Amino acid sequence: AQSVAQPEDQVNVAEGNPLTVKCTYSVSGNPYLFWYVQYPNRGLQFLLKYITGDNLVKGSYGFEAEFNKSQTSFHLKKPSALVSDSALYFCAVRESGNNRKLIWGLGTSLAVNP
Amino acid sequence: NAGVTQTPKFQVLKTGQSMTLQCAQDMNHEYMSWYRQDPGMGLRLIHYSVGAGITDQGEVPNGYNVSRSTTEDFPLRLLSAAPSQTSVYFCASSYGRGGQGSYNEQFFGPGTRLTVL
């Protein structure tokens with residue numbers, strides 16, 4: 001069965017420093033991987049996705065994610081964090097084939113300190 | 001475009017009451033889904049639909065019913081509310097026929113915060 005894990009409940013980073021939010025996955029076929037962000041009292045917003053091709057995927061708001069097949073990871077990164085990046089971040093996975101569902105990680109709370 | 005709209009924003013029910021959470025989208029998306037979000041549990045899929053007239057169960061379907069009579073609307077019905085159904089409910093939609101919608105960007109509504117006493 002497919003699954004996704006976000007090993008850190010919370011990440012703290014100083015403004016201007018690089019940030020990484022980790023995600024690992026388990027699927028039986030080719031993975032389709034997504035990152036979403038949730039600001040307080042709001043619905044989720046799409047950041048980026050990996051389907052195939054380049055392992056480095058660029059997305060919204062200066063975020064990027066690196067797909068690593070050997071480590072089954074899809075970590076979210078940003079070179080220079082902003083206070084406004086403080087939010088809840090979710091990783092999700094869908095495997096190829098007839099399974100038509102997305103499976104979500106539990107979320108990582110990112111706090112960027114001024 | 002209004003995107004994905006959900007009503008109501010807040011609701012308080014007593015145990016045993018029934019109600020319907022409304023979800024509508026104006027993007028002509030085939031794929032729609034309902035999630036619940038609970039602290040420490042992330043997002044859990046309740047039901048989803050790949051098009052009008054087609055629905056399927058997600059991870060936590062018990063106590064909820066759905067129907068999809070039009071492309072635009074995907075209401076979620078609580079048959080007999082229980083305190084365990086206290087949660088924030090999100091509706092989402094994406095383009096793509098059949099199951100292809102789950103490969104694509106999901107557009108989320110603002111959520112309904114439900115409390116069952």
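Computation of the quantities below employed the complete heavy-atom set of this structure, encompassing side-chain atoms and omitting hydrogens, waters and symmetry-equivalent molecules. Computed from a predicted structure; not experimentally measured.
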Has [X] got a side-chain atom pairing as donor or acceptor with [Y]'s backbone, closer than 3.5 angstrom?
X: B/Q25; Y: B/N28; answer: yes
X: B/D56; Y: B/Y48; answer: no
X: A/N68; Y: A/Q71; answer: yes
X: A/S26; Y: A/S3; answer: no
X: B/N104; Y: B/Y95; answer: yes

(message) Which heavy atom of B/S49 sits nearest to which heavy atom of B/G51, and what is that distance?
(response)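 Scanning both residues completely, I find the closest heavy atoms to be OG-O, 2.9 Å.
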[X] with [Y], same ILVMFWY side-chain cluster at under 4.5 Å:
X: A/V93; Y: A/F63; answer: yes
X: A/Y25; Y: A/I103; answer: yes
X: A/Y32; Y: B/Y35; answer: yes

[X] portion near chain A, given a 4.5 angstrom heavy-atom threshold:
X: B/Q6; result: neither
X: B/L43; result: both
X: B/F107; result: neither

(request) Determine, stepwise, if the pair A/Q2 / A/S28 fulfils side-chain contact (heavy atoms from CB on, under 4.5 Å). (result) CA-CA 7 Å; A/Q2 62 189 47; A/S28 57; over 6 Å; no
(request) Any chance you could lay out the side-chain contact (heavy atoms from CB on, under 4.5 Å) test for B/W34 and B/V66, step after step, and finish with the verdict? (result) CA-CA 9 Å; B/W34 274 103; B/V66 292; 4.1 Å; yes
Quick check: under 4.5 Å, non-hydrogen atoms only, which of [range] neighbour chain B?
range: residues 104-114 of chain A; result: A/W104, A/G105, A/L106
range: residues 73-86 of chain A; result: none
range: residues 35-61 of chain A; result: A/Y36, A/Q38, A/N41, A/R42, A/G43, A/L44, A/F46, A/K49, A/I51

(request) Check whether the side chains of B/Y89 and B/Y64 place a donor and an acceptor atom closer than 3.5 Å, and report yes or no. (result)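 There is such a pair between these side chains.
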(request) Answer with yes or no whether the side chains of A/R94 and B/Y103 bring together a donor and an acceptor at under 3.5 Å. (result)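 Short answer, yes.
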(request) Could you walk me through whether B/S67 and B/R77 pass the side-chain contact (heavy atoms from CB on, under 4.5 Å) test, one step at a time? (result) CA-CA 9 Å; B/S67 60; B/R77 280 182 289 277; 3.1 Å; yes
(request) Would you sort out whether B/S18 and B/L79 count as a side-chain contact (heavy atoms from CB on, under 4.5 Å), showing the intermediate values? (result) CA-CA 5 Å; B/S18 62; B/L79 309 172; 5.8 Å; no
(request) List the steps, then state whether side-chain hydrogen bond (donor to acceptor under 3.5 Å, both in side chains) holds for B/S94 with B/Q106. (result) CA-CA 5 Å; B/S94 64; B/Q106 305 282 310; 3.3 Å; yes
(message) Do the side chains of B/D73 and B/R68 get close enough for a salt bridge, i.e. N-O under 4.0 angstrom?
(response)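 Salt bridge between B/D73 and B/R68, a charged N being under 4.0 Å from a carboxylate O: no.
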(message) Applying a heavy-atom distance below 4.5 Å, give me the residues of residues 108-117 of chain B that approach chain A, sorted by number.
(response)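 Heavy-atom contacts from residues 108-117 of chain B to chain A are B/F108, B/G109, B/P110, B/R113.
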